[in-house]
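Per chain, numbering begins at 1; letters A, B, ... match sequence-line order. All values below were derived from every heavy atom in this structure, side-chain atoms included, with hydrogens, water molecules and symmetry-related copies excluded.
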Amino acid sequence: MTSNADAVEIFRTIADLLDLLGEKFKPEAYRRAARSIESLTEDLGAVSARHELRSIPGVGEAIEEKIDEYLRTGSVSYYERLKREIPPGLVELMRLPGLGPKTARRFWVELGIEGPNELRDAIAAGRLAGVKGFGEKKIEQIRSALVAAAAGPGATRRPIEEVYPVARALVDALRTGAGAERVEVGGSFRRARETVGDLDILVTSKDPPRAFEVFSAHPLVAEVKMRGETKETVLLTGGFQVDLRVVQPEEFGAALQYFTGSKDHNVRLRSLARDRGLKVNEYGVFRGDERVAGATEEDVYASLGLAWIPPELREDRGEIELAARGAVPSLVAESDLRGDLHVHLTADARPDEVDRIVAEARQRAYAYIGVVVGGVRADGTGWLLPAATRARLSEIRSPGLRITRALETGLSAVPKEAESAGVDFRIVVPTSLPSGVPESQADPAPAALFAHIGSSVASDAAAVKRWVEEARRNAAAIEVGPGPERLDSTAARQARESGVLLHLPTAFGAAADDPTLRVALGFARRAGATPKDVANARSQNEVSDAGSGPKRGRKGTSNAPPRSPSAKKRAA
DNA sequence: GCCGTTTTCGGCCCGACTGTTTTCAGTCG
């Protein structure tokens, strides 16, 4: 069995092994290819079958051959040979913080050390003392890195929704307490990647030392790792790393662009600049010694002949070409949202909860909401909101707001007891009725939305593909956002490219700083979604048309949610 | 090993910081 993730790991390790051999440019070439493969929305096997491997950025003749060999045989002979040449323990060594390929190689060549255990013993035996380039501090640094590595994996990337509150707290502290004028978070957080390895915070300040003081005194900060003139690195409790950089106002745009990345995007930008006789760094865009841009990101891109590119697209996946043609898509934004088809109440909600939801929808100026009135539990039994609450839903009127009722069911599994709910459309969730549970024979309401779909793409790309295909066949939207039950940005891109609309959770009833919607928007934007690609950014009219794509098989008849008579008239 | 509105060969982002140096190499992002 082959997988993209497996191929990525092979190419990453090849890069590390080549690093250890002292190769200059090959390692980056293999890493580049690995990053590209990681962000693919389909299996390498499918790309290979179409003979399109070379269209993957960073994949040329040699890497194409290795991918094909991997797909055929499950292994790569070049990789196997490198592993025989170089002790695998050296890769572990060079991955220790503060150590790199050069140092690991010196241990191997000069001291015969082939792995972490041997290095630990060598340090204990004093064999490093007196070796050129290894002073007391360096040896101590290595010793503690070894101890940390032995204690288990260090700080790993964290889900972006967990990082939101941390980012917010630090940004607030810098704004209010540190005299910082502009404050922005860059890095993969700003690009809305699913996971974030560290935070890069940029500020302008007339008093940098004060910014550093306030920052390192923040209650979340456990340890100051490093402080220079313009940059400070701290570790939070739990080991999460945050970098603070203080820049001049005239550099702010260039610095934000630079520290937002991605690496591949920046490399492309730099070579584009070089071709035009310009130089880009974090201080600005320069022609010789003259700064031609730097205060804003728009200036930086414009000086290179490019339209501004939303951070979520900066992955070198064709966005620079789009920006050169002035064809960057207008990605969906919060202000585009016009409703929510998936509003949950608690199962025992009282009628006044309905009024609360409606008030919130009005406050957001939404045109429609779909409220879940019942569904099917894992054991196959149905549940419904209390009768009085359902009655309130049916009778409540709110000018300009259409209220529809949804039932959560399996793809075809509608429990008989949920029949009486009187619903407008179904939300399909991954469940099936156990044998013996009576299934409704009535014509079910159409499926307009697929939700609660387990979607960690890395773990089961095939399952995501099946759900996207089912959503497409039902002409239903599919939910995108944080958490294991929603599609991530890679799966969202796959859905969008298959012509499936995305649905964003708008977090009814949540606290003002709840990150769910922001993260969902970020994922949708990473997937390249414009308002037209998002079900709940469409007008009520268009949403009512959700069932007008490829026809459902079986029992599907009407569109969902049903159009109001006036909507039908307008559409006609 | 990849790549090309100057190139199919000759480039490949670039600056901050640390430690160990006495002018710089290695690592990191």
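Across the C1' atoms, B/dG10 and B/dG15 are found 24 Å apart, a figure rounded to whole Å. B/dC14 and B/dT21 have their C1' atoms separated by 22 Å, with the value rounded to a whole Å. Separation of the P atoms belonging to B/dC13 and B/dT18 is 25 Å when rounded to the nearest angstrom. B/dT6 and B/dG1 have their C1' atoms separated by 23 Å, with the value rounded to a whole Å. B/dC2 sits 14 Å from B/dT7 when the C1' atoms are compared, rounded to a whole Å. Between the P atoms of B/dG19 and B/dC12, the separation comes to 30 Å (whole Å).
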Could you walk me through whether A/Y70 and A/F11 pass the ring-ring contact (aromatic ring centres under 6.0 Å, His included) test, one step at a time?
CA-CA 11 Å; A/Y70 168 70; A/F11 289 129; 7.9 Å; no

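The separation between A/R268 atom CZ and B/dC13 atom P is 12 Å, rounded to whole Å. Taking atom NZ of A/K26 as the reference point, atom P of B/dG1 lies 4 Å away to the nearest angstrom. If you measure from atom CD1 of A/I320 to atom P of B/dC3, you get 14 Å, rounded to the nearest angstrom. For the pair A/L53 CG and B/dG1 C1', the interatomic distance rounds to 16 Å; values are reported in whole Å. Rounded to an integer number of Å, the gap from A/R54 CZ to B/dC2 C1' is 10 Å. Atom CG in A/D198 sits about 13 Å away from atom P in B/dC28, given to the nearest Å. A straight line from CZ of A/R245 to P of B/dC28 spans 14 Å, rounded to a whole angstrom. Rounding to whole angstrom units, CD of residue A/Q257 and P of B/dC13 are separated by 15 Å.
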Protein heavy-atom contacts under 4.0 Å, written 5' to 3' over nucleotides 4-12 of chain B as B (base), S (sugar-phosphate only) or - (none), form the string --B-----B

A correct 5'-to-3' footprint of nucleotides 15-22 of chain B, with B, S and - meaning base, sugar-phosphate only and no protein heavy atom under 4.0 Å, is SSSSSS--

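A distance of 5.0 Å separates CZ of A/R493 from CZ of A/R317, quoted to the nearest 0.5 Å. Expressed to the nearest 0.5 Å, how far CD1 of A/I63 lies from CD1 of A/I37 amounts to 7.5 Å.
Of all heavy-atom pairs between A/L236 and A/A222, the closest is C-CB, 3.8 Å.
Looking at heavy-atom distances under 4.0 Å, A/E61 makes contact with sugar-phosphate atoms alone, never a base. Looking at heavy-atom distances under 4.0 Å, A/T103 makes contact with sugar-phosphate atoms alone, never a base. In this structure, A/L99 reaches the sugar-phosphate backbone alone: every heavy-atom distance under 4.0 Å involves primed, P, OP1 or OP2 atoms, never a base. Using a 4.0 Å heavy-atom distance criterion, A/P27 is classed as making no nucleic acid contact.
Residue A/I63 is the one, among A/P97 and A/I63, whose nearest nucleotide of DNA chain B lies closer to the 5' end (criterion: closest heavy atom). Residue-to-nucleotide proximity on DNA chain B shows that, of A/G60 and A/R95, the 5′-proximal contact is made by A/G60.
Proximity of A/R54 to A/E61: side-chain heavy atoms (C-beta onward) are separated by under 4.5 Å at one or more points.
With sequence neighbours excluded, the residues that form a ring-ring contact (aromatic ring centres under 6.0 Å, His included) with A/F189 are A/Y164.
With no hydrogens or angles considered, a side-chain donor-acceptor pair links A/N266 and A/Q257 at under 3.5 Å. The closest side-chain donor-acceptor pair between A/T195 and A/R157 falls under 3.5 angstrom.
The number of heavy-atom neighbours closer than 6.0 Å to CZ of A/R270, taken from other residues, nucleotides and ligands shown, is above 12.
Note that A/R291 lies outside the cation-pi zone of A/Y283, set by a 6.0 Å cut-off to the ring centre and a 45° limit from the axis. A cation-pi geometry, defined here as NZ or CZ lying under 6.0 Å from the six-membered ring centre and within 45° of its normal, does not hold between A/K66 and A/Y79.
Glycosidic conformation of B/dT7 is syn; the angle stays within 90° of 0.
B/dT8 is unpaired under the criterion used here, namely a Watson-Crick or G-U wobble arrangement in which both key atom distances are under 3.5 Å.
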